[in-house]
**Student:** 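Below is one structure. I have some questions about it.
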Amino acid sequence: MVFLNKYLLDSPSLKLDAPLFVTFYQCLVTVLLCKALSLLTLVIPSHMLEFPSIRFDPKVLRSVLPLSVVFIGMITFNNLCLKHLGVAFYTVGRCLSTVFNVLLSYILLKQTTSFYALLSCGVILGGFWLGIDQEGAEGTLSWAGIFYGVLASVCVSLNAIYTKKVLPAVDGSIWRLTFYNNVNACALFLPLLLVFGEVGTLIAFDKLNSLHFWGMMTLGGIFGFAIGYVTGLQIKFTSPLTHNISGTAKACAQTVLAVFYYQQVKSVLWWTSNLMVLGGSFSYTWVKGMEMRKTQDQSEQTNSTEEKNSTGV
């Protein structure tokens, strides 16, 4: 999906300067797919297709609206970061979501972080600054891309926090939340398309009648929907920790593929910056997983002690 979005956002052959429209269309595809799957459950048995029933509820839309504003920022700044940075450097460009998770959890939720987790964040920050230095040395650095990457990282962190807050409004269903979130996003994107002049850009776009263009746009929306579906399945059947580890592996593979695909030559220090970011992210995930397991074991031990005391053993 990252490679496809890079094509849609910054392809010399396409020459479409409408990142908000690309993002809007992908949200629209997600809404249509959610509704289609909800309707299919009426004719397909639940053991073959498991999807919640979805109906339009203005009250739920209002409840989800704060998350939708953050969500728009997240996906828009992600795409703007990708537009201005190469795919190979994209992982480093928006790697600060873990750091902002720690910072915002302390500011908004008053949650403290262990020393080893903070040390992992320090490694990520070091990799981030080294990566900027090396991109600058190669003459391929875009400060606009870095700026959008930092904003995207902030929005990713806020998105996780607000998701937990609004889940009760959709009965804890990730798919209902996806539907309402993207409906809100579509509505909010419309005035933004007018304000930023992308409607005029689309009218002047010479490939607006191209089936290839709309096919690629629709494929991008399907990929976005599929990523959400697979992520939900992965967390359901494994754990959030496993999901984060596989996300780190994906970022690593994405970087290597991008360097080979675009036939780029990178310095040792450039690769070191990527390894620091990926290593720091993996380390943070592993430390948090160990802490969660320790907390769980302590909770089980406490419950066991209380049961023994209550039975007089």
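Sequence positions, counted from 1, serve as the residue numbers for this chain.
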**Student:** Distance check, rounded to the nearest 0.5 Å: L32 atom CG versus C27 atom SG?
**Tutor:**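 L32 CG to C27 SG: 11.5 Å, rounded to 0.5 Å.
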**Student:** Using the test side chain to side chain contact (heavy atoms under 4.5 Å, CB included), find all partners of V2 that sit at least two apart in sequence or belong to another chain.
**Tutor:**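 V2 satisfies side chain to side chain contact (heavy atoms under 4.5 Å, CB included) with L82, V87, Y90, Q254 only.
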**Student:** Just to verify, what does K266 make a salt bridge (charged side-chain N to carboxylate O under 4.0 Å, His left out) with, not counting sequence neighbours?
**Tutor:**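 Testing K266 for salt bridge (charged side-chain N to carboxylate O under 4.0 Å, His left out), a comparison that skips the adjacent residues, returns E135, E138.
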**Student:** Looking at side-chain heavy atoms only, is the closest gap between F189 and Y25 below 4.5 Å?
**Tutor:**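 No, side chains not in contact.
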**Student:** With no hydrogens and no angle check, is any side-chain donor or acceptor of K15 less than 3.5 Å from a backbone partner on F205?
**Tutor:**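 Here the side-chain-to-backbone pair does not exist.
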**Student:** Closest heavy-atom contact between L208 and L202?
**Tutor:**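 It is CD2-O, 3.4 Å.
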**Student:** Could you check whether any side-chain N or O of R176 sits under 3.5 Å from a backbone N or O of R55, counting only pairs where one atom can act as donor and the other as acceptor?
**Tutor:**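 No; zero donor-acceptor contacts below 3.5 Å.
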**Student:** Test side-chain contact (heavy atoms from CB on, under 4.5 Å) on L257 and F3 and set out the steps.
**Tutor:** CA-CA 10 Å; L257 280 172; F3 282 89; 4.1 Å; yes
**Student:** Do side-chain atoms of S68 reach the backbone of N184 as a donor and acceptor pair under 3.5 angstrom?
**Tutor:**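 Side chain of S68 to backbone of N184, a donor-acceptor pair under 3.5 Å: no, none is there.
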**Student:** Give me the ring orientation class for Y7 and H212: parallel if the planes are under 30° apart, tilted from 30 to 60°, perpendicular past 60°.
**Tutor:**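 It falls in the perpendicular class, over 60°.
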**Student:** Kindly say whether L8 contributes a backbone atom to a donor-acceptor pair with the side chain of S11 at under 3.5 angstrom?
**Tutor:**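 A pair under 3.5 Å: no.
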**Student:** Shortest non-hydrogen contact from M276 to V123?
**Tutor:**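 Shortest heavy-atom contact: O-CG1, 3.3 Å.
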**Student:** Can T255 and W271 be said to form a side-chain contact (heavy atoms from CB on, under 4.5 Å), step by step?
**Tutor:** CA-CA 10 Å; T255 300; W271 284 107; 4.2 Å; yes
**Student:** Please evaluate residues V183 and F56 with respect to the criterion side-chain contact (heavy atoms from CB on, under 4.5 Å), reporting the C-alpha separation (whole Å), side-chain torsions for both, the decisive distance (0.1 Å), and the verdict.
**Tutor:** CA-CA 9 Å; V183 168; F56 192 82; 3.9 Å; yes
**Student:** Just to verify, what does L151 make a side chain to side chain contact (heavy atoms under 4.5 Å, CB included) with, not counting sequence neighbours?
**Tutor:**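 For L151, the residues satisfying side chain to side chain contact (heavy atoms under 4.5 Å, CB included) (neighbours in sequence not counted) are F77, F147.
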**Student:** Report yes if some heavy atom in the side chain of F282 is under 4.5 Å from a heavy atom in the side chain of T285; otherwise report no.
**Tutor:**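 F282 vs T285: side chains apart.
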**Student:** In Å and rounded to the nearest 0.5 Å, what is the SG to CG distance from C186 to L28?
**Tutor:**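 One finds 5.0 Å between SG of C186 and CG of L28.
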**Student:** Would you say CG of N209 has more than 12 non-hydrogen atoms from neighbouring residues, nucleotides or ligands within 6.0 angstrom?
**Tutor:**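 No, the 6.0 Å shell around CG holds no more than 12 heavy atoms from other groups.
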**Student:** I'd like to check L42 versus L39 (side-chain heavy atoms, cut-off strictly below 4.5 Å). Are they in contact?
**Tutor:**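 Answer yes - side chains close enough.
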**Student:** Can you measure from CG (L130) to CG (N274) and round to the nearest 0.5 angstrom?
**Tutor:**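 It is 9.5 Å, given to the nearest 0.5 Å.
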**Student:** Using 0.5 Å steps for rounding, measure from the CG atom of L103 to the OG1 atom of T113.
**Tutor:**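 The CG atom of L103 sits 9.5 Å away from the OG1 atom of T113.
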**Student:** Are side-chain heavy atoms of Q26 and N5 found at a separation under 4.5 Å?
**Tutor:**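 Result yes, sub-4.5 Å side-chain heavy-atom pair found.
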**Student:** Side-chain atoms of residues 163-170: list all donor-acceptor pairs with protein atoms under 3.5 Å, sequence neighbours left out, distances to 0.1 Å.
**Tutor:**
residue	atom	partner	partner atom	Å
T163	OG1	N159	O	2.6

**Student:** With the side chain counted from C-beta on, respond yes when V69 and Y162 share a heavy-atom pair under 4.5 Å apart, and no when they do not.
**Tutor:**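 The answer is no, as the side chains (C-beta and beyond) never meet within the 4.5 Å cut-off.
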**Student:** The criterion is side chain to side chain donor-acceptor pair (under 3.5 Å); which residues satisfy it with Y116, sequence neighbours excluded?
**Tutor:**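 Y116 satisfies side chain to side chain donor-acceptor pair (under 3.5 Å) with no other residue.
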**Student:** Report whether I75 and L190 are members of the same hydrophobic cluster (ILVMFWY, side-chain heavy atoms less than 4.5 Å apart, transitive linking).
**Tutor:**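 Linked, I75 and L190 end up in one cluster.
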**Student:** Of the non-hydrogen atoms in C81 and G145, which two are nearest, and what is the gap between them?
**Tutor:**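 Looking at all heavy atoms of both residues, the shortest contact is SG-O, 3.6 Å.
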**Student:** Under 4.5 Å between any side-chain heavy atoms of V99 and Y284, yes or no?
**Tutor:**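 They are not in side-chain contact.
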**Student:** Quick check on the hydrophobic clustering: are V265 and Y261 connected, directly or via other members, by side-chain heavy-atom contacts under 4.5 Å?
**Tutor:**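 No, it is not one cluster - the side chains of V265 and Y261 are not joined through contacts under 4.5 Å.
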**Student:** Among all residues two or more places apart in sequence or in another chain, which pass the side chain to side chain contact (heavy atoms under 4.5 Å, CB included) test with T178?
**Tutor:**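 Partners of T178 by the side chain to side chain contact (heavy atoms under 4.5 Å, CB included) criterion, ordered by chain and then number, come out as T30, C34, I174, W175, N182.
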**Student:** Show me the side-chain donor-acceptor pairs of residues 219-228 shorter than 3.5 Å, one per line, residues at least two apart or across chains.
**Tutor:**
none

**Student:** With rounding to the nearest 0.5 Å, note down the distance linking OH in Y148 to CG in L80.
**Tutor:**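 Reported value, rounded in 0.5 Å steps: 5.0 Å.
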**Student:** Is E291 salt-bridged to K288, going by a charged N under 4.0 Å from an acidic O?
**Tutor:**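 Yes, this pair counts.
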**Student:** Quick one: list whatever passes ring-ring contact (aromatic ring centres under 6.0 Å, His included) with F71, sequence neighbours left out.
**Tutor:**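 In terms of ring-ring contact (aromatic ring centres under 6.0 Å, His included), with neighbours along the sequence ignored, F71 is linked to no residue.
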**Student:** Between I203 and F213, is there shared hydrophobic-cluster membership here, with clusters defined by ILVMFWY side-chain heavy atoms closer than 4.5 Å?
**Tutor:**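 Same cluster.
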**Student:** List, one per line, each side-chain donor-acceptor pair under 3.5 Å for residues 57-66, sequence neighbours excluded.
**Tutor:**
residue	atom	partner	partner atom	Å
D57	OD1	K59	N	3.0
S63	OG	K59	O	3.1

**Student:** Taking only residues two or more places apart in sequence or in another chain, which ones pass side chain to side chain contact (heavy atoms under 4.5 Å, CB included) with N101?
**Tutor:**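 Partners of N101 under the side chain to side chain contact (heavy atoms under 4.5 Å, CB included) test: S157.
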**Student:** Just to verify, what does D17 make a salt bridge (charged side-chain N to carboxylate O under 4.0 Å, His left out) with, not counting sequence neighbours?
**Tutor:**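 Testing D17 for salt bridge (charged side-chain N to carboxylate O under 4.0 Å, His left out), a comparison that skips the adjacent residues, returns K83.
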**Student:** Would a 4.5 Å heavy-atom cut-off, applied to side chains only, mark F100 and L158 as touching?
**Tutor:**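 In short, these two side chains do not touch, never coming nearer than 4.5 Å.
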**Student:** Please report the closest heavy-atom contact between S13 and K207, naming both atoms and the distance.
**Tutor:**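 Between these two residues, the closest heavy atoms are O-NZ, 3.1 Å.
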**Student:** What is the distance from atom CG of L141 to atom CZ of F89, rounded to the nearest 0.5 Å?
**Tutor:**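 Going from the CG atom of L141 to the CZ atom of F89 covers 6.5 Å.
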**Student:** State plainly whether one hydrophobic cluster holds both L275 and V256, where clusters connect Ile, Leu, Val, Met, Phe, Trp and Tyr through side-chain heavy atoms under 4.5 angstrom apart.
**Tutor:**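 The answer is no; the residues belong to distinct hydrophobic clusters.
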**Student:** If every non-hydrogen atom of S38 is compared with every non-hydrogen atom of P52, which pair is closest and at what distance?
**Tutor:**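 For S38 versus P52, the nearest heavy atoms are OG-O, 3.6 Å.
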**Student:** Answer whether the closest heavy-atom distance between the side chains of L96 and L125 falls below 4.5 Å.
**Tutor:**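 Yes - at least one pair of side-chain heavy atoms lies under 4.5 Å apart.
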**Student:** Taking T218 for the side chain and G215 for the main chain, is one N or O donor matched with an acceptor at less than 3.5 Å?
**Tutor:**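 No.
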**Student:** So with a 6.0 Å cut-off around CH2 of W214, is the heavy-atom count from everything else above 12?
**Tutor:**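 Yes, because the 6.0 Å sphere around CH2 of W214 holds more than 12 heavy atoms from other groups.
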**Student:** Once side chain to side chain donor-acceptor pair (under 3.5 Å) is applied, do any residues pair with S283, and if so which ones, sequence neighbours excluded?
**Tutor:**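 Residues passing side chain to side chain donor-acceptor pair (under 3.5 Å) with S283: S120.
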**Student:** Would you kindly confirm whether L211 and L16 end up in one hydrophobic cluster when ILVMFWY residues are joined by side chain heavy atoms under 4.5 Å apart?
**Tutor:**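 No, it is not one cluster - the side chains of L211 and L16 are not joined through contacts under 4.5 Å.
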**Student:** So, for M217 and F21, which heavy atoms are closest and what is the spacing to 0.1 Å?
**Tutor:**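 Looking at all heavy atoms of both residues, the closest pair is CE-CE2, 3.5 Å.
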**Student:** Can you check side-chain contact (heavy atoms from CB on, under 4.5 Å) on F128 and V150, steps first, answer last?
**Tutor:** CA-CA 11 Å; F128 176 71; V150 172; 4.2 Å; yes
**Student:** Tell me if the CD1 atom of I107 is crowded by more than 12 foreign heavy atoms within 6.0 Å.
**Tutor:**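 Atom CD1 in I107 is packed in, count exceeds 12.
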